[in-house]
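Single-structure report; data block below.
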Amino acid sequence: MMNVPISQQQLDLWLADLNLIAGISNCKATLLTWNAVGELSSLLCSDAVVENEIQAILTQLSGRNIANPNPTTTSSAFTTDRYIKDYAAQNTIQDKRVSLSEPILQSSPLEVNQHCTFLSPSQLSALVGEAELITDTQLHPAWCTSIVIGSVIFIPLAWPSGANFGFLCFYHNEPQGVDAKTLQLTKLVGDSIQRQLADILRLHNATESLNRGTPNNIDVIDLQSFIDSFDEHIWMKNTYGIYTLCNRSVEQAWAKQRNEIIGHSDVELFGADTADSYLEGDRFAIESGTPIIVAECLAGAESKPHLWLETLKLPAFNAAGEFAGVIGMTRNISKYKAVEDKLTLATNVFKHSFEGVVVTDRHGNITDVNGAFFEITGYTREELLGQNPRIFSSGRHDKAFFDTLWSTLLADGKWNGEVWNRRKNGTIFPQNITISTIYDEVGDIRYFVAVFADISAQKENEAQLTHLAYFDPLTHLPNRMKFMMQLKQEVRHAKRLNIQLAIVMIDVDLFKHINDSFGHSIGDEMLVELAKRLRGQVAGQDVLSRIGGDEFVVLITDINSGEEATLATNQLRQVFDQPFIVSTGDHLRLTASMGVSLYPSDGQDAATLLRNADAAMYRAKNDGRNNYAFYTESLTQLSLEHLKLQSALYGAIEQNALYLMYQPKLDLVTRKTVGFEALLRWHDPLLGLISPSVFIPVAEKIGLIHEIGLWVLETACRQGVRWLSDGKHFGRIAVNVAGQQLQRSSFVDDVKRVLAETGLPAKHLELEVTESVMMQNPDVAISDLKRLGDLGIELSVDDFGTGYSSLNYLKKLPIHKLKIDQSFVRDIPFDTNNTAIAKAVIALGHALKLEIIAEGVETQEQADFLLQNKCDQAQGYLFSRPQLPLDLDAFLS
C-alpha cells in the first residue's frame, strides 16, 4: 500500500458521490481500501449500510477475489498466493511457479528455495481494469454463501503506478437490486476516483520534494559513486524494462561490464525464460507500490557454508509522481537467516513441547507460556500474563522450601526438583520442574524459564507398583513381603517393651477341590469373602495377610499368655461357621487348619516365628484338619527330617537306592498263585530303610512321583519278562498308580511305551488305582482306563471303601477287580462293623461282575471268613511277606 494521506475534504467528496449514486439506484455503497498492515477495510460507507453487510463483502473480496498488496505482512488473514490460487481455479489458469531473483553469479546459478506465483499481464488487466456486475449472488459460485448480499458491483481501484488502492462497491440486499444502469454510474464514480488518486499522488510528491529542499551539489557525490559504495547488488530498470543503472557489485556478480548491462533488457542479458520470471517480480513490486521482497534463495547448492540472498524490488517515481521504473537490490542475509532459523526452532520447541513452559520477568511476573502449559494447568494465556506463579501454590510446601529453591536458583542459575502445584479447577498435581535463570549481556537477570512435566501418571504408576509389590491383588491384604516387614517391626517393638506376640497361620482345607469342582472364579469369590470375614475378626492394631493361594496369616500383638492366643485363634475359626454363598447360588462350606507360634518362646525373629507357625499348621492338618495346633520343638525336628528326606529322594534313582519287592496274590479256594503286587522300597545309604508311607507323600509333594512311578512300572515289567524267559508262570504283576500319574494326559502313552520297550505282554500286567483318584475327574478316568483295558491290562480299585465313590460312576469304570482295604480286614471276624463292610464289598463287587481281593490277611480266621463269604483272592502275611524276586520260587509254577 502506498503511504499517501488523503484529506478529509476529499473523503467527504467521495462520500457525497457514493450517497448520490446509491440514492439514484436505490442501493448501498462502500469504498474499501488496504490499510497499513495489509488488511482490506471499509474507508467510506453510504447511508443505511449495515456492519454485517460490509463484513460479508470484506470476507468475500479478501478471501477469494483480490490480491493482498503487501504479501510480506504476516498479520493479514489473506495472502496473495491464496487469492491467485482461487482466481486461477475459477478461470482455469495454469499455476506457474517461477524464480524472482536476479542472477548473482553467472558461473554458479542460484538454487531457489522459495517461490511466488503471479498473474500474467492479461489476467492482471482483467482483474484491475474491469468492473464486475453480479445480479444474483446465489447463482454465482463464488458469492453464493453471502446470504445478506443479493446483488453487487465491485470495481478495482489502483494508484497511477499500478499499485492497488482498493475497491468501489455498490450492492443491494435482494437479487436484481443493481443493474447495468447502476454499473454505468458506478464506472463514472470509479473513473473520477482514479483521476483524483493521480492528482493526490502528484500533489503529495510535489509537496514532499518542496519540503525536502534542493540538494547542495557541493556536499552530494554523484549517484554512480554512491551506489558503488555498497556491497549489495543495486540496479534500476526504466518503464520499458531496460537497465539504466547498476553498481560495481552487480558487474562482478554477473561477470559483465557496465556497458554490457546498461541499455539492455533481461531478455537480451539472460534469455526469454529467465527474463519472464524477473519481469513477474517487477510487476509484483509495481502492484504493491512499496518495497517488497520477491525472493529468498541459496547461492550455490554445494557452497559451504550456505549463502542466503534476498532480492528487494520497489517502484521508482519521478518528481512529478509519475512511475519511472523499478529499483532492485540483492543482499546477503545469511546472518539474519541463521538467527531466524534459531528463533524458528526455539519457537517450535516452545510451541510443540509436551512439557509445560512458563517465562517470567526478573520480578517473577509471567510474560509467556506455551500450549502444554494451558493443557496441564487449565489456565488460558490471557489469564496468566502478568500474574505471579504463586497462584499455582498448592500449600504443600513451606516457606523454607521456597527459600532454599530461590537461594539455589540465584546462586547456581538453575534448580530442579519435584513441586506440587494446583490446577485452575483446584486439583493438586505433582510436577518435575527445572527453573533456569536467563541473563542479559551485562550479567543482570532478565528472565526466569521454568520447564515442567506433569508426573501425576508416573506417581499413580509408582503407587500401583508399590501396591502390587506389597499387597495381594485379589484381596488387597498385605502380601508376604509386606507382612514380614511389619512382623520384623513388631518383633523389635515387642523386644523393647518385653511383650508377647502370636502368629496364626491359616490354611484352607482341601481348597483345590473348590477350584476343580466350581472353577477358579468361584474360588476367588470365596477367598475374597474369607478375607473380609477374617478382617472383621482382627483387631485394629493386628495384621492380616494373604501369603499364598489359600494361606493367610495373622499377627496378634500385645498378648499376655497362651490363653489369649487360644481365644484369638478360636475367634478366627468362627469365620468358617457360616456357609459361603457364591454367585452361582451355591452354599459352600470351608474349614481350615491353623498353626500358632508365640514370641518369644517359639522364636526370636520374624522368619523363625513364621516358619514355626507353618510347622504347627501342618501338624494340625496331619491330625485330621479343621483344627489348630501350637508349635512345639518336635515340629522343627520333623521339618528338618522332612527336608533331609526331600533332598535325598532326588538322587534315589541315580544311586540305585530304590528297589522292588513282590507280594504274592493267591486264589482263596485253590491257594494257587494268581499274581504278584510290586511294592516299592527305598534304602538310603545315610538315612537307612525308609517306609513308603513316609517318602511317597514327599515324592508327590515335590513332583517326583511321576518319574518314580514310571521307574516302578518299567522295573516290574522287566522282571515279568525275565520270569517268562525262565519259563516261570506268575499270572499278572500289579503295579500301583499314583493320582498324579493318572492325571497326566500322557499316562496311557507312557504305559504303551513301557510295554513296547520291555516286551511284556499286556495280559501279564495289572494296574491298581485308588478310588479317590478315579473320582477326582471320573470322565477322564473312564476314558483313560478304557484305553488301558483295551490293551489287555487288568484294572483294580485299590483301598476300596476308604474314599468316597459314586456308585453311578463306579459301574461305568472299566475295572476288573475290587480290593478290600486292610483296615476292614484287620479285625474280622470279631469286629461286627468290619465284617459287615467286608460282606457288603464282596456282594457289591460280585453284583458288578468284579473279582474281589482282600489285602492284609494275617490270620487263618480272616482267611476262613473271606472264603466263606466267597472272596476270590487274598494277599497278606498269612501267605507271604513281600520278598525279593530270588526268594519267590515257591510261588512261581
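All values reported here derive from a predicted model rather than from experimental measurement.
Minimum interatomic distance between Leu61 and Cys169 (heavy atoms only, all atoms of both residues): CD1-SG, 3.9 Å. Annotation for Arg258 and Cys246: closest pair CG-SG, 3.9 Å, computed over non-hydrogen atoms. For the residue pair Ile227 and Leu245, the shortest heavy atom distance occurs at CD1-CG, 3.6 Å. Pairing each heavy atom of Ile435 with each of Ala450, the nearest pair is CG1-CB, 4.0 Å. For the pair Asp454 and Pro430, the tightest heavy-atom approach, listed with the atom from each and the gap, is OD1-O, 3.4 Å. Considering all non-hydrogen atoms of both residues, Pro389 and Gly364 come closest at CD-O, 2.9 Å.
Heavy-atom neighbours of Tyr447 OH from other residues, nucleotides or ligands within 6.0 Å: at or below the threshold of 12. Counted within 6.0 Å of CD on Gln489, heavy atoms from surrounding residues, nucleotides or ligands total 12 or fewer; the atom is thus considered open. Counting non-hydrogen atoms of other residues, nucleotides and ligands closer than 6.0 Å to CD of Glu51 gives a total of 12 or fewer. Within a 6.0 Å radius of CZ in Arg331, no more than 12 heavy atoms belonging to other residues, nucleotides or ligands are found. The environment of NZ in Lys424 is crowded: more than 12 heavy-atom neighbours from other residues, nucleotides or ligands sit within 6.0 Å. Taking a 6.0 Å sphere around CZ of Arg446, one finds it holds 12 or fewer heavy atoms contributed by other residues, nucleotides or ligands.
Below 30°, between 30° and 60°, or above 60°: for Phe226 and Phe230 the angle between ring planes is above 60°, a perpendicular geometry. By the 30° and 60° cut-offs, the orientation of the rings of Phe452 relative to Phe429 is tilted.
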Task: Evaluation steps, side chain to side chain contact (heavy atoms under 4.5 Å, CB included), between Leu409 and Thr437 - done: CA-CA 7 Å; Leu409 182 61; Thr437 307; 3.4 Å; yes
TODO: May I have the step-by-step check of side chain to side chain contact (heavy atoms under 4.5 Å, CB included) for Leu31 and Leu157, ending in yes or no?
DONE: CA-CA 10 Å; Leu31 178 61; Leu157 303 174; 3.5 Å; yes
Open item on the list: Would Leu384 and Ile391 count as a side chain to side chain contact (heavy atoms under 4.5 Å, CB included) here? Give the steps.
Closed with: CA-CA 9 Å; Leu384 294 174; Ile391 65 173; 3.8 Å; yes
Task: Steps toward side chain to side chain contact (heavy atoms under 4.5 Å, CB included) verdict (Phe167, Thr30) - done: CA-CA 8 Å; Phe167 284 89; Thr30 180; over 6 Å; no
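In this structure, Gln60 and Thr145 have side chains that are in contact, with non-hydrogen atoms separated by less than 4.5 Å. Taking 4.5 Å as the limit, some side-chain heavy atom of Leu279 sits within range of a side-chain heavy atom of Asp266. Within the 4.5 Å cutoff, no side-chain heavy atoms of Ile292 are placed close to those of Leu314.
In this structure a side-chain-to-backbone donor-acceptor pair under 3.5 Å is missing from Gln387 to Ile366. Distance alone, capped at 3.5 Å, is enough to place a donor-acceptor pair between the Asp542 side chain and the Thr557 backbone. Put simply, the side chain of Ser407 gets close to the backbone of Asp403: a donor and an acceptor are under 3.5 Å apart. Side chain of Asn416 to main chain of Ile433: a donor-acceptor pair is present (N/O by atom type, distance under 3.5 Å, no hydrogens or angles). The backbone N or O of Val359 sits less than 3.5 Å from a side-chain atom of Thr367, completing a donor-acceptor pair. A distance-only check finds a donor-acceptor pair linking the side chain of Ser249 to the backbone of Asp231 [under 3.5 Å]. Remark: the backbone N or O of Glu232 is paired with a side-chain donor or acceptor of Asn247 at under 3.5 angstrom. A donor-acceptor distance shorter than 3.5 angstrom exists from the side chain of Asn370 to the backbone of Glu355, with no hydrogens or angles considered. Of the possible donor and acceptor atoms, one in the side chain of Lys313 sits under 3.5 Å from a partner among the backbone N and O of Tyr278. Ser394 places no side-chain N or O within donor-acceptor distance of the main-chain N or O of Ile428, the cut-off being under 3.5 Å.
Atoms CG and CD1, on Asp282 and Ile327 in that order, are 11.5 Å from each other to the nearest 0.5 Å. Atom NE2 of His493 and atom CD of Gln486 lie 13.5 Å apart (nearest 0.5 Å). A distance of 5.0 Å separates CD1 of Ile200 from CD1 of Ile6, quoted to the nearest 0.5 Å. The CZ atom of Phe270 sits 13.5 Å away from atom CG of Asp276, with the distance rounded to the nearest 0.5 Å.
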For residues 476-483, tabulate all N or O donor-acceptor pairs below 3.5 Å that involve a side-chain atom, not counting sequence neighbours.
residue : atom : partner : partner atom : Å
His476  : ND1  : His467  : NE2          : 3.3
Asn479  : OD1  : Met481  : N            : 3.3
Asn479  : OD1  : Lys482  : N            : 3.0
Asn479  : ND2  : Ala469  : O            : 2.8

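For Trp406, the ring pair (Phe, Tyr, Trp, His ring centres under 6.0 Å) partners two or more places apart in sequence, or in a different chain, are Phe448. For Phe392, the ring pair (Phe, Tyr, Trp, His ring centres under 6.0 Å) partners two or more places apart in sequence, or in a different chain, are Phe373, Tyr379.
Taking 4.0 Å as the cut-off between side-chain N and carboxylate O, Arg362 and Asp440 do not count as a salt-bridged pair. A salt bridge links Arg381 to Asp368: at least one charged side-chain nitrogen sits closer than 4.0 Å to a carboxylate oxygen. Ion pair Glu251/Arg248 not flagged as a salt bridge, since none of the NZ, NE, NH1 or NH2 atoms sits closer than 4.0 Å to an Asp/Glu carboxylate oxygen.
Ring centers of Tyr243 and Trp254: under 6.0 Å apart, within the cut-off.
With Lys488 as the fixed residue, the side chain to side chain contact (heavy atoms under 4.5 Å, CB included) test singles out one of Arg492, Met485, Glu490: Arg492.
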